[in-house]
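Everything below concerns the one structure shown next.
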Protein chains: 2
Amino acid sequence: MTDAHNHSSRSLSQACELCSVRHRAMCAAVDFERLGELEKIVSHRQFAPGQLIFEESDPADYVFNVSNGDVRLYKLLADGRRQITGFLRPGDFLGLVKQEAYAYGAEAIDAVELCCMRIVDLERLLRELPAVRDRLLDMSRDELAAAQEQMLLLGRKSAREKVLSFLLMRARNEHDLDGGEAVTLDLPMSRSDIADYLGLTIETVSRTFTSLKEEGLIDLPSAQHVVLPDIDAAEAAASAD
Amino acid sequence: MTDAHNHSSRSLSQACELCSVRHRAMCAAVDFERLGELEKIVSHRQFAPGQLIFEESDPADYVFNVSNGDVRLYKLLADGRRQITGFLRPGDFLGLVKQEAYAYGAEAIDAVELCCMRIVDLERLLRELPAVRDRLLDMSRDELAAAQEQMLLLGRKSAREKVLSFLLMRARNEHDLDGGEAVTLDLPMSRSDIADYLGLTIETVSRTFTSLKEEGLIDLPSAQHVVLPDIDAAEAAASAD
DNA sequence: CGAGCTGTTGACATTGCTCAAATTTCGTGG
DNA sequence: CCACGAAATTTGAGCAATGTCAACAGCTCG
């Protein structure tokens with residue numbers, strides 16, 4: 001039982017109307033005139049790279065929206081094996097559960113700022129603003145569709161297909177993928193995170209990157225930067241469904 | 001593009017108030033006095049074993065509740081590799097998506113009866129009965145938690161752990177698992193379905209069943225019946241998280 | 001009784017893992 | 001700015017778990 005969201009994380013206040021990710025977040029369903037109600041119940045906290053946000057057994061008092069930075073969600077087995085169930089970026093939502101404990105752990109990958117709300121306050125907000133509930137349902141259905149896609153990846157794709165699918169997914173998230181032109185990706189997470197997300201070992205991830213580079217499907221200017229010179233060729237090799 | 005829910009499936013009418021799975025389904029959120037409104041917009045359809053309910057590319061006009069029987073949900077890769085993302089039982093919900101096409105395919109495993117509702121009618125119902133929206137959000141969060149648990153299984157468990165986890169999950173669903181006593185499971189799905197659910201081949205599933213039987217952790221009176229004589233021993237071997 | 005399907009078993013191949021070491025990167029302090 | 005040490009990444013060699021291909025067995029339904 002940790003208390004991570006109460007220590008070594010500074011509390012900030014910020015106007016919701018200035019929030020750069022409001023349109024992507026749950027808050028998009030709150031009318032502009034009612035942002036004041038939202039501001040009254042949210043607070044902001046910062047987390048250092050690697051810092052625990054909450055773990056699976058923690059009592060679930062708060063829900064969070066990512067304002068800045070990247071977060072990893074994970075589940076652990078008793079012997080320490082880890083499965084990362086998702087990487088979150090600004091605008092994404094975490095912490096909503098029906099039960100009294102979180103269903104997964106969460107850690108900051110880089111410097112992270114979260115917008116926090118007590119679950120009891122969220123529930124009151126949901127009663128007052130039904131549109132927010134719609135929004136949460138939509139976001140949950142999107143999460144579920146992503147989870148099903150990830151099950152397909154984990155259960156049925158080869159290491160090469162997993163890595164390519166991962167890169168293409170990140171490429172689609174960050175860019176509009178007009179078509180032919182090269183895309184440069186920034187990977188804030190470590191090889192270990194990528195391995196635990198794809199159900200591989202770090203060695204296999206590293207070897208796969210190297211062999212994709214040798215094939216010319218990607219370029220690796222540094223360990224955290226990947227260039228996809230030909231998206232279409234990569235799509236073909238990723239066993240697109 | 002199939003049209004499965006319009007052919008070779010008989011339409012039935014049945015009173016919602018007599019529905020044996022109402023308490024588990026979305027409909028649990030509808031007041032007893034307002035079941036009439038529900039009955040007006042639902043219809044029932046039957047599917048034969050193996051019959052397609054809808055496939056991934058189909059336009060999503062309907063949502064369904066399973067009244068009877070078992071359903072498999074799956075996603076396919078272009079070359080035919082399949083990942084089963086879930087097995088549904090009576091009371092479970094399928095077909096809700098934000099987009100205009102289903103996010104996965106669905107097939108009847110055995111004789112299935114579904115309670116069907118047009119998505120447009122569901123949306124009207126949601127506006128009139130906010131409690132149903134709560135219920136759907138809760139059900140979606142449960143589905144998501146199950147999906148994350150399955151990602152852990154697919155990405156990080158061995159074949160033996162996968163099979164044991166699968167059996168224990170079914171045991172927990174069907175029984176209260178008081179503790180020491182033996183549990184008999186009925187597996188309506190084929191080895192091929194189990195393999196595609198666990199990210200294995202049918203041969204590995206079959207071999208794993210055999211070796212679990214040799215170890216005494218399970219008994220196999222027939223291919224579709226599994227006895228778990230000692231739940232606790234099985235839990236320990238399944239790498240419970 | 002035979003055909004066909006599902007499940008099991010066997011032999012072998014292969015992907016990805018384990019263990020180990022080399023290399024690169026990065027932060028820190030001199 | 002450079003040197004050092006720690007951590008992350010890459011590379012290598014061997015191996016184990018699981019997949020592939022093939023044969024066989026058992027059951028169901030005509």
Side-chain angles (χ1 to χ4, degrees), chain A residues 48-50 72 77 79-83 107 109-111 153-166 186-215 218-226 237 239, chain B residues 48-50 72 77 79-83 107 109-111 153-167 185-215 218-226 237 239:
Chain A
R72 56 177 174 252
L77 291 173
D79 62 3
R81 280 174 290 173
R82 180 179 70 156
Q83 179 65 40
E107 289 167 358
I109 292 175
D110 44 21
L153 177 147
L154 290 168
R156 288 296 177 230
K157 290 187 183 177
S158 69
R160 188 186 137 96
E161 291 167 338
K162 285 177 174 179
V163 170
L164 278 170
S165 297
F166 169 69
D186 181 60
L187 301 179
M189 70 290 291
S190 68
R191 291 290 185 269
S192 172
D193 288 343
I194 297 173
D196 285 350
Y197 182 59
L198 299 179
L200 300 171
T201 59
I202 53 176
E203 293 95 331
T204 298
V205 171
S206 181
R207 276 188 256 270
T208 305
F209 272 123
T210 305
S211 89
L212 290 174
K213 180 178 177 173
E214 283 164 0
E215 292 176 55
I218 65 172
D219 193 24
L220 288 166
S222 83
Q224 13 292 333
H225 292 93
V226 179
S239 181
Chain B
R72 58 178 172 251
L77 291 173
D79 62 4
R81 279 175 288 174
R82 180 179 70 155
Q83 178 65 40
E107 289 168 357
I109 292 176
D110 44 21
L153 177 147
L154 289 169
R156 287 296 176 232
K157 290 187 184 177
S158 68
R160 187 186 137 96
E161 291 167 337
K162 284 176 175 180
V163 170
L164 278 170
S165 297
F166 170 68
L167 294 175
L185 293 179
D186 181 61
L187 301 180
M189 70 291 290
S190 68
R191 292 291 185 268
S192 172
D193 288 342
I194 297 172
D196 285 351
Y197 182 59
L198 299 178
L200 300 171
T201 59
I202 52 176
E203 293 94 332
T204 297
V205 170
S206 181
R207 275 188 256 270
T208 304
F209 272 124
T210 304
S211 88
L212 291 173
K213 179 178 176 174
E214 283 166 359
E215 292 176 56
I218 65 171
D219 192 25
L220 289 166
S222 83
Q224 14 290 333
H225 293 93
V226 180
S239 181

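Below, chains carry the letters A, B, ... as their sequence lines are ordered, and counting in each starts from 1. These figures come from a predicted structure and were not determined experimentally.
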For this session: Quantify the bending of the helix from C:dC1-D:dG30 to C:dG30-D:dC1 as the angle between its end axes, each fitted on five pairs, to 10°.
Result: 40°

Exercise. Has B:T204 got a side-chain N or O lying under 4.0 Å from the OP1 or OP2 atom of D:dT18?
Worked result: no

For this session: Scan residues 154-163 of chain A against DNA chain C and write down, sorted by residue number, each residue with any heavy atom closer than 4.0 Å; if none is found, say none.
Result: A:S158, A:A159

Exercise. When we call it a touch if two heavy atoms are under 4.0 Å apart, what does A:S222 touch: a base, just sugar-phosphate, or nothing?
Worked result: nothing

Exercise. Which two nucleotides bound the region of DNA chain C that has atoms under 4.0 Å from heavy atoms of chain B, read 5' to 3'?
Worked result: C:dG7 to C:dA11

Between the protein and nucleotides 21-24 of chain D, which nitrogen or oxygen pairs come in under 3.5 angstrom?
{"unit_1": "D:dC21", "atom_1": "N4", "unit_2": "B:E203", "atom_2": "OE2", "d": "2.9"}

Problem set entry | A:D219 and A:K213, any side-chain heavy atoms less than 4.5 Å apart | yes

Problem set entry | Gap separating the OG atom of B:S190 from the CD1 atom of B:I109, nearest 0.5 angstrom | 8.0 Å

Please tabulate the protein-to-nucleotide N/O contacts below 3.5 Å involving nucleotides 28-30 of chain D, giving atom names and distances.
none

Could you give the side-chain donor-acceptor pairs of residues 198-205 of chain B under 3.5 Å, partners two or more places apart or in another chain?
{"unit_1": "B:T201", "atom_1": "OG1", "unit_2": "B:T204", "atom_2": "N", "d": "3.2"}
{"unit_1": "B:T201", "atom_1": "OG1", "unit_2": "B:T204", "atom_2": "OG1", "d": "3.1"}

Seminar exercise, completed: Rounded to whole Å, CG of A:L220 lies from C1' of D:dT11 at a distance of 15 Å

For this session: Might you work through the side chain to side chain contact (heavy atoms under 4.5 Å, CB included) test for A:S239 and B:R81, ending with a clear yes or no?
Result: CA-CA 10 Å; A:S239 181; B:R81 279 175 288 174; 3.0 Å; yes

Problem set entry | Between D:dT9 (P) and A:H225 (NE2): distance, integer Å | 13 Å

Exercise. Whole Å only: how far is the CD1 atom of B:I202 from the P atom of D:dG19?
Worked result: 11 Å

For this session: Working to the nearest 0.5 Å, report the span between CE of A:M189 and CG of A:D110.
Result: 9.0 Å

Exercise. Using a heavy-atom distance cut-off of less than 4.0 Å, which residues of residues 188-201 of chain B contact DNA chain D?
Worked result: B:G199, B:L200, B:T201

Exercise. Can you name the closest pair of heavy atoms from A:A237 and A:L164 and give their distance?
Worked result: CB-CD1, 3.5 Å

Problem set entry | By salt bridge (Lys or Arg N to Asp or Glu O under 4.0 Å) - contacts of B:R82 (at least two apart) | B:D193, B:D196

Exercise. Between A:S165 and A:K157, does any side-chain donor sit less than 3.5 Å from a side-chain acceptor?
Worked result: yes

For this session: Sequence neighbours left out, what passes side chain to side chain donor-acceptor pair (under 3.5 Å) with A:K162? Give chain and number order.
Result: none

For this session: State the CZ-CG distance between B:F209 and B:L187, to the nearest 0.5 angstrom.
Result: 5.5 Å

Exercise. Who are the side chain to side chain contact (heavy atoms under 4.5 Å, CB included) partners of A:P49, not counting sequence neighbours?
Worked result: none

Problem set entry | Non-hydrogen side-chain atoms of A:H225 and A:L220 separated by less than 4.5 Å | no

Problem set entry | Results of ring pair (Phe, Tyr, Trp, His ring centres under 6.0 Å) for B:Y197 - residues two or more places apart only | B:F87, B:F166

Problem set entry | Length of the CZ-P vector between B:F209 and D:dA25, whole Å | 22 Å

Exercise. Which residues satisfy the salt bridge (Lys or Arg N to Asp or Glu O under 4.0 Å) test with B:R160, sequence neighbours excluded?
Worked result: B:E215

